**Q** 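Sharing a structure below in structure tokens format, with a few things to ask.
Below, chains carry the letters A, B, ... as their sequence lines are ordered, and counting in each starts from 1. Quick caveat, the model's predicted, so the values are computed rather than measured.
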There are 2 protein chains.
Amino acid sequence: MAAVSDLNAHTGYLLRMVSNAVSQEFAGKVAGDGVTVAEWAMLRSLYGSDGISPSALALKMGMTKGAISKLAERLAKKGLIERTGNPDDKRGHSLSLSSAGARKVPVLARLADNNDAAFFAVLSNQEQGHLRGILQVLIDRHGLSTMPVD
Amino acid sequence: MAAVSDLNAHTGYLLRMVSNAVSQEFAGKVAGDGVTVAEWAMLRSLYGSDGISPSALALKMGMTKGAISKLAERLAKKGLIERTGNPDDKRGHSLSLSSAGARKVPVLARLADNNDAAFFAVLSNQEQGHLRGILQVLIDRHGLSTMPVD
DNA sequence: GCGAATATGTTTCCTAGTCAACTATGATCG
DNA sequence: CGATCATAGTTGACTAGGAAACATATTCGC
């Protein structure tokens, strides 16, 4: 083996390549709807968790509260979500989908479904299952599922 | 099935979670050596391709030339690489490791090896092989290996 | 009940990358 | 040869996110 092993040899590196490719492809598809991948993720997270607080959402989405703050700002400006103050705790806010946002989610969800299906279609059903299983093991063992997505 | 399928259900989503986790862990480890993940990737790419042009490197690393330009700027400022003009074609430049940079690569390579091994150690050898195989299929079928890393 | 610790969001500064405009140089073709 | 076209690299405007400082607001301990 070489002293400096091939960068390609790292599984983490392969993972990053593939992950970037999926995301990038999806980014192109949702761009037509005027949203970014991160924005879609937030809209999706709000669907079903309406009225959640920014910090809870940060936990759920695996992002910092600063990032959520800015993301929410952008979505509010686009009229897709609404921010309201909490009367009980004046520090707290509530994030929820606007009606325009709520209408957009199913459309984007369909895009996401299609994108995923198309990208992984080059694998057999068995391989797809294998991949998902292995990823799930990694997620569990590394405690990555801090987010109770549903 | 729900009208809006679970975001967790998308394989691309799982992939992104795991990929981010590996990268982030590695980022923490190389931070002690004063470099970022992107900087390490460039140093590693230069090792063995000394004197490569910025645009060739962009192709190899799957980044835009603008990104390479800025990355090179940072590394040059840290004294880890050197930029020299090309006498034949006054447009072209050559990037190469400085001696300090060359000394740093093996150290970082060892860190990368360890990080990868540790992260995927929760999988059996067979599972690791499976994962790599599947990722390689995805990379091949989607034409992602534009980069002749070696 | 009042001071200290804690929680919530926002803001600022930084890294990181894309895209597109731009500059400078080189190549091609009439 | 010279106009046009192509290529190399840099730069600026922008999106995106993390880390930490910050301003409020709340709660806890005494």
**Q** Please classify the nucleic acid contact of B:Asn86 as base, sugar-phosphate, or nothing, using heavy-atom distances under 4.0 Å.
**A** nothing

**Q** Not counting sequence neighbours, which residues clear salt bridge (charged side-chain N to carboxylate O under 4.0 Å, His left out) with B:Arg83? List them please.
**A** B:Glu73

**Q** Classify every nucleotide of nucleotides 4-16 of chain C by which part a protein heavy atom approaches to under 4.0 Å, writing B for the base, S for the sugar-phosphate alone and - for neither, in 5'-to-3' order.
**A** ---BBBBBBB-SS

**Q** Do A:Pro54 and A:Ile68 make a side-chain contact, defined as non-hydrogen atoms from C-beta onward lying under 4.5 Å apart?
**A**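 Of all side-chain heavy-atom pairs linking A:Ile68 with A:Pro54, at least one is under 4.5 Å.
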
**Q** Under 4.0 angstrom, heavy atoms only, what part of the nucleic acid is A:Asn20 near: base, sugar-phosphate, or nothing?
**A**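 Touches nothing.
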
**Q** Are any side-chain N or O atoms of A:Ser96 and backbone N or O atoms of A:Gly51, one a donor and one an acceptor, separated by less than 3.5 Å?
**A**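 No.
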
**Q** Please list, chain by chain and in numerical order, all residues satisfying side chain to side chain contact (heavy atoms under 4.5 Å, CB included) with B:Arg110, sequence neighbours excluded.
**A** B:Asn114

**Q** Return the set of residues passing ring pair (Phe, Tyr, Trp, His ring centres under 6.0 Å) with B:His130 (not counting sequence neighbours), or none when no residue passes.
**A** A:His130

**Q** Between the side chains of B:His10 and A:Asn115, is a donor N or O closer than 3.5 angstrom to an acceptor N or O?
**A**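 No, no side-chain donor-acceptor contact under 3.5 Å.
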
**Q** Quick one: sort the B:Phe119 and A:His142 rings into parallel, tilted or perpendicular, breaks at 30° and 60°.
**A**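 Parallel, since the angle between the ring planes stays under 30°.
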
**Q** When you list every nucleotide of DNA chain D with an atom under 4.0 Å from a heavy atom of chain A, which one comes first 5' to 3', and which comes last?
**A** D:dA16 to D:dT26

**Q** My understanding is that only residues two or more places apart in sequence, or in another chain, count here; which of them pass side chain to side chain contact (heavy atoms under 4.5 Å, CB included) with B:Arg91?
**A** B:Asp89

